[in-house]
Amino acid sequence: MHASSKSTEEGRRPSSALRAPSPRERGEGEDIAIIGGGIIGICAAACLSEAGRKVTIFDRTGICEETSSGNAAAFAFSDVLPMAHKGMIRQLPKWLADPLGPLSIPPAYLPKLLPWLFRFWRAGAPAKYEASLAAQAGMMKLAEAEWMGLLDRSGTRGMLREDGSLELYESEAEFRASLPGWAARERFDIGFRHVEGDEIAALQSGLSPRFVKGTFMPGWKTVADPKLLGKAVWAYAQTRGARFEMARIERVGADQDGATLTLADGTTRRARHLVVAAGAWSHLLARQFGDRIPLETERGYNTTLPKTAFDVKRQLIFSGHGFVITPLETGLRVGGAVELGGIERPPNYARSKALLQKAEKFLPGLDPAGGREWMGFRPSLPDSVPVIGRASGSRPVVYAFGHGHLGLTQAAATGRLIRDLVLGQTPPIDLGPFSPQRF
């Protein structure tokens, strides 16, 4: 993200007339500065470094140490439906009635959230829904191609798992309610097949008999561990010259010659180009460039159990309950759900405990002992489409944020698009739907 309480080495050194000034002190600055060391910033750094540009990432805690470290590990290239898709709006009252259900809003936060919820409701209108769906489908096609290329170039292809996913339904009614979404995916040539009975058992043994139908997506992919993948891609970027500086960014500004970053220790950095990829904090930085972007925070929870907890063959998706179970190299991750509660409230780990209790019912025999609880901030926009584009009136500044629960999935595509913007090249997809000024 964009912040850190740790001062930089430069900030601690006393000035001295006997010491020659550094390039930064002479005002030469960076070539490209990226605020945010999550998977979006990492992929942008890799793509720009491959193009021969000198890149520095600034982050308060480290590379892939926050939200990008604990996600569900999916390359969800077939997940093209906007959050405000048909059917979800109808379920909102039921979900909100359950404080530990798939979607929760702390009552005290609701007044602040109302403008975002209104935009979210409007995003479900047919014309807006279709526009978001088409934009996401194009982005996903690019994301898959860019990720496969980056995995090969960075030597991380061995971290990819191509086992598909299994989405499960507890009733015929729940299954039928999912069919419009599958029809939408079919329009974009996304492969799937509906299964039941012995076919479900063949894809995942030991499931509760409560699941009467399922949908298998053979093209769904996961990674061995998202944190390990992020750090490995960063290691590749470093071989291309990318560097990291641990710092909390307090203020940003720009002029026709570049951008200025003011760090918490009072020092400044200059850069010819600035990429804002600070996740759930990005809108606070964008505001300093005159862009008011309606970003909210999907607070996601999970528990990572030991690998021995249950033999899960592929990612299991329980869409009616808003969570997934993913087998990782480092454990078995049970997580998901959405809590729209901002970035200031403390975690409510009752949510992760509730997900684990459901997992025990759905997978009889699951051992819930020895788990590690976690909460992360997913930066989300009302139409589920990220912001990728230039700041208002400031060509040196570009934005790359708002990917919601699809940050890992869309990171390589975003890195490619940011590279094209910075280099002045024509991007492979229309960036109009991703414009920061669309709001």
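Only this structure's heavy atoms are used, side chains among them; waters, hydrogens and symmetry mates stay out.
In this structure, the side chain of Thr414 engages the main chain of Gln410 through a donor-acceptor pair within 3.5 Å. A donor-acceptor pair is defined here as one N or O able to donate and one able to accept, closer than 3.5 Å; no such pair exists between the side chain of Arg187 and the backbone of Ala184. Formation of a donor-acceptor pair under 3.5 Å by the Thr409 side chain with backbone atoms of Ala74 is found in this model. Not one N or O on the side chain of Asp291 forms a donor-acceptor pair closer than 3.5 Å with the backbone of Ile293. For the pair Thr303 (side chain) and Leu356 (backbone), a donor-acceptor distance under 3.5 Å is absent. Listed for the Ser171 side chain is a donor-acceptor partner under 3.5 Å among the backbone atoms of Glu174. Put simply, the side chain of Arg314 gets close to the backbone of Leu203: a donor and an acceptor are under 3.5 Å apart. Arg351 places a side-chain N or O within 3.5 Å of a backbone atom of Val338 that can act as its donor or acceptor partner. The main-chain N or O of Gly335 is never found under 3.5 Å from a side-chain atom of Asn302 such that the two would form a donor-acceptor pair.
Electrostatic pairing of Glu245 and Arg269 counts as a salt bridge here, judged by a charged N lying under 4.0 Å from a carboxylate O. Comment: Glu146 engages Arg416 in a salt bridge, judged by a side-chain N to carboxylate O separation of less than 4.0 angstrom. In this structure, Glu30 does not pair ionically with Arg53, as no charged nitrogen and carboxylate oxygen lie closer than 4.0 Å. The pair Arg272-Asp257 fails the salt-bridge criterion, with no side-chain N (NZ, NE, NH1 or NH2) lying under 4.0 Å from an Asp/Glu carboxylate O. Using a cut-off of 4.0 Å between Lys/Arg side-chain N and Asp/Glu carboxylate O, Arg270 and Asp255 are scored as salt-bridged. A salt bridge links Glu373 with Lys353: at least one charged nitrogen is closer than 4.0 Å to a carboxylate oxygen. Remark: Arg161 does not engage Glu329 in a salt bridge, criterion side-chain N to carboxylate O under 4.0 Å.
Taking the six-membered ring where the residue is Trp, the centroids of Phe216 and His194 are separated by 6.0 Å or more. Between Phe318 and Phe211, the gap from one ring centroid to the other is short of 6.0 Å. Separation of the Phe377 and Trp281 ring centroids falls under the 6.0 Å cut-off.
Here Gln204 contributes atom CD and Leu363 contributes atom CG; the two are 6.5 Å apart, rounded to the nearest 0.5 Å. Between the CZ atom in Phe120 and the CG atom in Leu114 there is a gap of 14.0 Å [rounded to 0.5 Å]. Atoms CD1 and CG, on Ile317 and Asp79 in that order, are 7.5 Å from each other to the nearest 0.5 Å.
A cation-pi arrangement is found for Arg185 relative to Trp182, the charged atom lying closer than 6.0 Å to the ring centre and inside a 45° cone about the ring normal. Taking the ring centre of Phe175 as origin, the terminal cationic atom of Lys213 falls inside the region bounded by 6.0 Å and 45° from the ring axis.
Take Glu339 and apply the salt bridge (charged side-chain N to carboxylate O under 4.0 Å, His left out) test, not counting sequence neighbours, and it matches Arg299. Residues that satisfy the ring-ring contact (aromatic ring centres under 6.0 Å, His included) test with Phe77, not counting sequence neighbours, are Phe75.
Here the shortest heavy-atom pairing between Ile57 and Gly36 reads CG2-O, 3.7 Å. Taking every heavy atom of both residues into account, Arg333 and Ala72 meet most closely at CD-CA, 4.4 Å.
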Query raised in the report: Should Phe401 and His283 be marked as a ring-ring contact (aromatic ring centres under 6.0 Å, His included) after you check the CA-CA gap, both sets of side-chain angles, and the distance that decides it?
Result: CA-CA 9 Å; Phe401 60 84; His283 63 304; 7.8 Å; no

**Report entry** Check against salt bridge (Lys or Arg N to Asp or Glu O under 4.0 Å), Glu50 and Arg419
**Finding:** CA-CA 10 Å; Glu50 287 178 328; Arg419 184 198 72 186; 5.3 Å; no

